[in-house]
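Heavy atoms only: backbone and side chains are in, while hydrogens, waters and symmetry mates are out.
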Amino acid sequence: MSLTASLTIEPSEADAPEAFVARFRLVNQGDDVVGINQAVLSSPSLALEITDAAGEPVLLPPPPVPPESPPIEFLEAAEETTAEFAGFLPSWTEPGTYRARSRYVAGSAEPIYSDWVEFTLSPGRQ
């Protein structure tokens with residue numbers, strides 16, 4: 001599979017967990033058509049890996065129950081798919097600096113990760 005992943009988080013600093021929006025992008029860099037399981041992109045707990053400044057994982061709420069038949073999107077060469085997660089950071093998250101990366105796991109294949117992105121939850125209203 002010739003997929004590449006990228007992640008952006010906006011804004012890079014906010015004083016409320018719900019202010020952050022993560023955008024996950026998968027691009028087919030190969031010549032063959034690739035099937036993407038959209039259920040994997042349906043929840044931040046499936047598509048994002050988040051750690052705190054000490055490298056400890058930030059636990060996210062569980063994903064929804066998957067559909068009986070996974071929704072598959074087919075990407076031609078150079079096509080992409082995206083997922084957006086508004087307010088992905090749990091409301092109980094403490095102020096601090098965090099890192100996140102996107103991950104796409106398809107069956108028994110090796111996971112595809114984006115680079116890490118850093119963002120800061122400032123003290124403020126929570």
Side-chain angles (χ1 to χ4, degrees):
M1 198 177 320
S2 299
L3 292 172
T4 58
S6 62
L7 179 70
T8 59
I9 295 178
E10 294 175 349
S12 61
E13 184 170 348
D15 65 0
E18 65 272 11
F20 294 105
V21 177
R23 289 181 183 84
F24 178 9
R25 181 174 167 238
L26 276 174
V27 179
N28 181 359
Q29 298 287 346
D31 296 327
D32 297 325
V33 175
V34 175
I36 303 297
N37 181 345
Q38 288 294 315
V40 176
L41 304 179
S42 68
S43 170
S45 60
L46 296 174
L48 301 177
E49 181 179 345
I50 304 170
T51 63
D52 64 16
E56 294 297 317
V58 173
L59 301 178
L60 300 176
V65 175
E68 185 176 322
S69 180
I72 303 296
E73 176 183 358
F74 292 96
L75 297 182
E76 299 285 338
E79 283 188 327
E80 66 181 60
T81 189
T82 59
E84 183 173 295
F85 305 107
F88 66 91
L89 201 59
S91 61
W92 58 82
T93 305
E94 295 292 325
T97 299
Y98 295 89
R99 295 183 334 146
R101 67 180 177 176
S102 58
R103 68 172 175 246
Y104 176 74
V105 182
S108 61
E110 287 293 314
I112 298 162
Y113 294 102
S114 70
D115 291 335
W116 288 100
V117 176
E118 191 171 281
F119 62 101
T120 301
L121 177 60
S122 302
R125 75 169 178 87
Q126 292 196 25

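Each of Val27 and Tyr104 belongs to its own hydrophobic cluster when Ile, Leu, Val, Met, Phe, Trp and Tyr are linked at side-chain heavy-atom distances under 4.5 angstrom. Cluster annotation: Ile112 and Val34 are assigned to the same hydrophobic cluster (Ile/Leu/Val/Met/Phe/Trp/Tyr, side-chain heavy-atom contacts under 4.5 Å, transitive). Follow the hydrophobic side-chain contacts under 4.5 Å out from Leu7 and you reach Phe85 in the same cluster. Hydrophobic cluster membership is shared by Leu48 and Leu121, with clusters built from Ile, Leu, Val, Met, Phe, Trp and Tyr side chains linked at under 4.5 angstrom.
Closest approach of Leu59 to Trp92, counting heavy atoms only: O-CZ2, 4.0 Å. Val58 approaches Pro90 most closely through the heavy-atom pair CG1-CD, 4.5 Å. The two residues Val105 and Pro111 have their closest heavy-atom pair at CG2-CB, 3.8 Å. Summarising the geometry of Ala5 relative to Leu26, their closest heavy-atom pair is CB-CD2, 3.9 Å, with the distance given to 0.1 Å. Shortest non-hydrogen contact noted between Phe24 and Leu41 is CE2-CD2, 3.3 Å. Looking at every heavy atom in both residues, Ser2 comes nearest to Gly30 through CB-N, 3.4 Å.
Applying the ring pair (Phe, Tyr, Trp, His ring centres under 6.0 Å) test to Phe20 and every residue at least two apart in sequence or in another chain returns Phe119.
Rounded to the nearest 0.5 Å, atoms CD1 (Ile9) and CG (Leu89) are 8.5 Å apart. Taken from CG in Leu3 to CZ in Arg25, the straight-line distance is 12.0 Å, to the nearest 0.5 Å. Within the model, atoms CZ of Arg99 and CD1 of Ile50 stand 12.0 Å from one another, a figure rounded to the nearest 0.5 Å. Separation of atoms CD (Glu76) and CG (Asp32) is listed at 10.0 Å; rounding is to 0.5 Å. To the nearest 0.5 Å, atoms CD (Gln29) and CD (Glu80) are separated by 10.0 Å.
Between Val33 and Leu75, the closest side-chain pair of non-hydrogen atoms is not below 4.5 Å. Annotation: side chain of Ile36 is not in contact with side chain of Asn28 (no heavy-atom distance under 4.5 Å). Using a 4.5 Å heavy-atom threshold, the side chains of Pro123 and Asp15 count as separate. Contact of the Arg23 side chain with the Thr82 side chain is not registered, since no non-hydrogen atoms from C-beta on lie closer than 4.5 Å. Ser6 has its side chain out of reach of Asp115: every pair of non-hydrogen atoms, C-beta onward, lies at least 4.5 Å apart.
The side chain to side chain donor-acceptor pair (under 3.5 Å) analysis of residues 38-49, with sequence neighbours excluded, yields the pairs Gln38-Glu73, Gln38-Thr81, Ser43-Ser45, Glu49-Arg101.
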